[in-house]
Amino acid sequence: MMKRRWVLDQAARSAIEETWEVFTNGTLTPNPALFLSRLADLARSNAFLWTEAGLSVQEHATRVVPVGQSLSRSLVMATVAADIFVGYTTLGEREKWLPSLVKPRDWELQYQRSANCVLETAASLGGALIKACQFASTRPDLLPAIYIRTLAPLQDRMPPRSWKEIEKAITRELGRRPTEAFAEIEHEPTAAASIAQVHRARLHDGREVAVKVQYPDIINLVATDLTILEQIVKAINRLAPTIQLQPIADYLQETLPLELDFICEAESMTRLRAALPHRADALVPAVIPDLSTEHLIVMDYIHGIKITDREALEQVGISLHEVARLLNDVYAEQMLHLGILHADPHPGNLLVQPGPRLVLLDHGLTVPLAPSLVDALRKMVRALAVGDFDALISALGEAGLQFDEQVDLATLLQLVGVLLGNDQVSGSDVAAVTAGLQLGKGISTIPTDLLLVGRTLGLLDGITKQLDPSMDTMEIVSHYAE
């Protein structure tokens, strides 16, 4: 009932916001025909909006009685895809035949409307859609900047599951109730993400731990979503070949199995922890093997301040400049020296202790980097440091990047911006789409491990700009490329 109310409340809020946008702009528009066309767009959008809300409510009912869940999720996603496709197609045709009735503001409204639709659907359905949006929000070469801004909240803010559901999951994994396995365990989670949530607990020997519990239905949901998304992407490729969504589907197919395997995650945590004993300024929690399974990880509970909480950091006397320097230094060493990467450094996964000391949490995407990729990354950094673009192209090729026969300098520079941390798109969103499509035409393939590096650097760049916008990260990174 609560989820049903949430879905309908979200639909009502979106409808009110869209109506306000149209009428607010309409009062400033001297062209009545333009205002009427926007009203028509609003009516169509609201019709889709309430249809999507109704289907989402029905989908949540199938989680209680799991009959027809695949069909329900398919209908929701297909309706959202149709909503977005029809919106863009209608606007494009109107611009073609009646250009006076389409202004830049109309495209902006469509981008925002579509981005909100994707955000709300992902938050409602969960599963692979959350991961798709999280990845897409770091790819300005694929989506307009409005999408990047709108989807960013999904990086570290998700509604939690009920304690009753989590208690059953822990009992199933350990063969005993949480009250037997732990001396104490909090019912309210300290963090909730797309595939699991974390509860604070205490062992019988007094050791404070974090209990990461995988959602019971997430494996089936992800498998269903990947199948549906693959079909939707293929349909969009046929209807609109210029829209490049296949990279998102490919990325999910390769990375989601890693994140769902908690045994693999526990091993990755242990491996990275073992690679950093020489650093007193970096910490990875230790795993409790006897209480960890394929769907449950118990680890040391580490206290700290969220890395982007500037006020809290300053209150305890931690230098924002030093935190930004430490962040970039730790990750440069991982990528260019150690060959193992914590590839999901969004703010919810990074804590800071006095010192400063960096705490790295959530290791579902902590992956080894091939020596050949590490060597290629070093060459990229050296080439960028001296402005040698021939050497840069060569290094990108060694990293597995495939260029089309003709790739211009502007496209290359934009690619480097995407891969090496510049996730901000300047200019209008219409221009951003054009630039993104141009990039898609110039690049044939971007390997998943290189995308993980690019995603990591994009997230690091965003955090660094919040902490110390003037920091010269190249100076830090170059030290490890020598």
Side-chain angles (χ1 to χ4, degrees), residues 3 60 62-64 66 69 73 122-135 154-182 185-201 209-227 252-270 272 284-302 342-344 346 348-349 360-367:
K3 193 65 179 182
H60 279 279
T62 66
R63 300 189 193 185
V64 180
Q69 186 176 62
R73 293 178 76 83
S124 174
L125 296 188
L129 282 185
I130 297 293
K131 290 296 180 182
C133 291
Q134 288 176 340
F135 176 59
L154 286 174
Q155 291 293 348
D156 60 356
R157 291 194 293 275
M158 286 299 302
R161 301 286 185 95
S162 69
W163 168 248
K164 183 178 180 181
E165 188 176 354
I166 295 302
E167 182 181 29
K168 288 181 180 178
I170 295 175
T171 302
R172 184 181 63 250
E173 291 301 310
L174 297 180
R176 48 186 166 152
R177 295 171 61 85
T179 50
E180 297 173 309
F182 305 98
I185 185 167
E186 295 180 358
H187 291 190
E188 291 297 320
T190 59
S194 55
I195 65 173
Q197 64 190 49
V198 178
H199 290 256
R200 188 173 173 178
V209 294
V211 183
K212 183 176 180 180
V213 190
Q214 190 172 116
Y215 299 136
D217 57 351
I218 196 64
I219 293 179
N220 290 334
L221 286 181
V222 165
T224 298
D225 291 351
L226 289 177
T227 300
L252 294 174
Q253 291 284 0
E254 293 196 39
T255 60
L256 272 174
L258 295 175
E259 296 193 66
L260 290 169
D261 186 348
F262 279 11
I263 292 178
C264 178
E265 178 174 348
E267 291 173 349
S268 296
M269 287 177 67
T270 303
L272 182 58
V284 175
V287 175
I288 315 296
D290 294 343
L291 292 173
S292 299
T293 70
E294 188 177 355
H295 309 294
L296 179 76
I297 300 179
V298 179
M299 68 201 89
D300 284 337
Y301 187 91
I302 308 296
H342 176 251
D344 195 16
H346 69 70
N349 289 340
L360 287 73
L361 306 175
D362 195 343
H363 294 267
L365 283 179
T366 294
V367 295

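Index from 1, following the sequence.
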What I'd like to find out is whether the side chain of Leu296 reaches to under 4.5 Å of the side chain of Val211, using heavy atoms alone. yes
The complete set of salt bridge (charged side-chain N to carboxylate O under 4.0 Å, His left out) pairs with one or both residues in residues 284-297, sequence neighbours excluded, reads none
Margin query: Quick one, His363 with Ile297, criterion side chain to side chain contact (heavy atoms under 4.5 Å, CB included). Give me CA distance, side-chain angles, the key distance, then yes/no.
Written below: CA-CA 11 Å; His363 294 267; Ile297 300 179; over 6 Å; no
When rounded to the nearest 0.5 Å, the distance separating OG of Ser194 from CG of Leu221 is 11.5 Å
Set out, in order, the CA-CA distance, both residues' side-chain angles and the distance that settles side-chain hydrogen bond (donor to acceptor under 3.5 Å, both in side chains) for Tyr215 and Gln197, then state yes or no. CA-CA 8 Å; Tyr215 299 136; Gln197 64 190 49; 3.3 Å; yes
*asked:* Does any part of the side chain of Ile170, heavy atoms only, come nearer than 4.5 Å to the side chain of Ile185, both counted from C-beta?
replied: yes
Note to self: Strictly distance-based, threshold 3.5 Å: is any side-chain N or O of Ser268 a donor or acceptor partner for the main-chain N or O of Val367?
What the structure shows: no
(Q) Using modelled atom types and a 3.5 Å cut-off, is there a donor and acceptor pairing between side-chain atoms of Glu259 and backbone atoms of Leu365? (A) no
For residues His295 and Ile219, determine if any side-chain heavy atom of one lies less than 4.5 Å from a side-chain heavy atom of the other.
yes
Looking only at heavy atoms, the pair that brings Gly127 and Ile218 closest together is CA-CD1, 3.9 Å
With sequence neighbours left out, the residues meeting salt bridge (charged side-chain N to carboxylate O under 4.0 Å, His left out) with Asp261 are none
_Quick check on the 6.0 Å ring-centre criterion: do His187 and His199 meet it?_
no
In short, salt bridge (charged side-chain N to carboxylate O under 4.0 Å, His left out) pairs touching residues 210-226 with sequence neighbours left out are Arg73-Asp225, Arg161-Asp217, Lys212-Glu265, Lys212-Asp362
Thr293 meets the side-chain hydrogen bond (donor to acceptor under 3.5 Å, both in side chains) criterion, sequence neighbours left out, with Glu173
Check: Asp300 versus Ile288: any side-chain heavy-atom pair under 4.5 Å?
Finding: yes
Salt bridge (charged side-chain N to carboxylate O under 4.0 Å, His left out) pairs touching residues 185-198, sequence neighbours excluded, are none
CG (Leu361) and CE (Met269) are apart, to the nearest 0.5 Å, by 8.0 Å
Test side-chain contact (heavy atoms from CB on, under 4.5 Å), reference Val222, set Leu226, Asn220, Thr224, output is Leu226
Heavy-atom distance under 4.5 Å between the side chains of Val198 and Pro189, does that happen here?
no
Closest heavy-atom pair, Leu256 versus Ala128, reported as atoms and distance to 0.1 Å, is CD1-CB, 3.7 Å
When rounded to the nearest 0.5 Å, the distance separating CG of Leu258 from OG1 of Thr366 is 10.5 Å
Between the CZ atom in Phe182 and the CG atom in Leu174, the distance rounded to the nearest 0.5 Å is 6.0 Å
Sorted by chain and number, sequence neighbours left out, salt bridge (charged side-chain N to carboxylate O under 4.0 Å, His left out) with Arg172 holds for none
